[in-house]
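Reading through the structure tokens given below for one structure.
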Amino acid sequence: VDLKEYLQPALLFKAVEAMISHTTVFYVRCLLVKADNHCRMRGGYFKDTERALDRMEGDIVVFKEFFYGLATDLPGMSNYLEQELEFLDWILEIMRIAAGLSSSRISDFVILVHKKLADVRMTKQLFEDLWRLVNPYKEFVLWNIFDGIEDDLHDFDFIRGCATSDKWFDVCFNRSRVPGLRINEMLAQLYLQSKRKLSIKKPLREMMRVMKCCHAAFRTKRRG
């Protein structure tokens, strides 16, 4: 209510947009921090996985109700809200599949998440960490799936050329230019800070270097 009362429509739109993006990024980060600190030899992270996932579903419902309330008078915001919070629905369903609580096809979600992250290695690491939370003893199932689909992921037009600076320059120049509002940027920082020996760290260092150059170029462009 305060936002609608004190902010002009254009600023209100940007504020709500940033809140939605940050909520998604923060929630996923909290899950992955748990995975990063969890020893897979102890089994799943949650004492009652099904109950924990039901609570996650409740969290997502609360997010949607709150933001849809803010988006009522903002044309175009509902579409953005649906696209952003849909990622949390994907995360929840992936964890349910890993826990054996859903009959959905995991390969379908690999493709969806990969389109969002635009990096095969990052997508694979994210899935491994979600598996680590609920069913670490069955990670080999995930490896087999990626072995069968990884070549196909590289065939997507959106992915082609993602490792180049030009592609990452384009990725940086979207609606989420503010640091901390992008899922892939958060994942890169989290995995680089991890104490685990992750094979993804070396390519991520190059990716972050390119993204910093993109941000610097954007700031220069704005000043010009």
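All values below come from the heavy atoms of this structure, side chains included, with hydrogens, waters and symmetry mates left out.
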inquiry  = Ile60 vs Glu57, test: side chain to side chain contact (heavy atoms under 4.5 Å, CB included). Steps then yes/no.
reply    = CA-CA 5 Å; Ile60 297 171; Glu57 183 178 15; 5.7 Å; no

inquiry  = Quick one, Gln125 with Leu187, criterion side chain to side chain contact (heavy atoms under 4.5 Å, CB included). Give me CA distance, side-chain angles, the key distance, then yes/no.
reply    = CA-CA 9 Å; Gln125 188 62 55; Leu187 291 175; over 6 Å; no

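The distance from the CG atom of Leu190 to the CE atom of Met122 is 10.0 Å, given to the nearest 0.5 Å. Taking CG of Leu85 as the reference point, atom CZ of Phe63 lies at 8.0 Å (rounded to 0.5 Å).
Between Leu32 and Leu130, the closest heavy-atom pair is CD2-CD2, 4.3 Å. Closest of all the heavy-atom pairs between Phe66 and Met19 is CE2-CE, 3.9 Å. Between Ser104 and Glu93, the closest heavy-atom pair is OG-OE2, 2.8 Å. The two atoms that bring Ile20 and Met77 nearest to each other are CD1-SD, 3.7 Å, heavy atoms only. The shortest heavy-atom contact between Thr123 and Val110 is CG2-O, 4.0 Å.
When atom types are taken as modelled, the side chain of Lys34 and the backbone of Phe46 share no donor-acceptor pair closer than 3.5 angstrom. Using modelled atom types, one side-chain atom of Lys201 and one backbone atom of Arg196 make a donor-acceptor pair closer than 3.5 Å. A donor-acceptor contact shorter than 3.5 Å is absent between the side chain of Ser21 and the backbone of Ala18. Side-chain atoms of Asn135 do not come within 3.5 Å of backbone N or O of Trp131 as any donor-acceptor pair.
Each of Phe146, Phe109, Trp90 was checked for a ring pair (Phe, Tyr, Trp, His ring centres under 6.0 Å) with Phe127, and the lone residue meeting it is Phe146.
When side chains are defined from C-beta on, Arg132 counts as touching Asp129, because their heavy atoms get closer than 4.5 Å.
Ion pairing between Lys124 and Asp119 fails under the 4.0 Å rule for side-chain N and carboxylate O. Salt bridge Lys116/Glu84: present, at least one basic N to carboxylate O contact under 4.0 Å.
Not counting sequence neighbours, Phe67 has no partner by the ring-ring contact (aromatic ring centres under 6.0 Å, His included) test.
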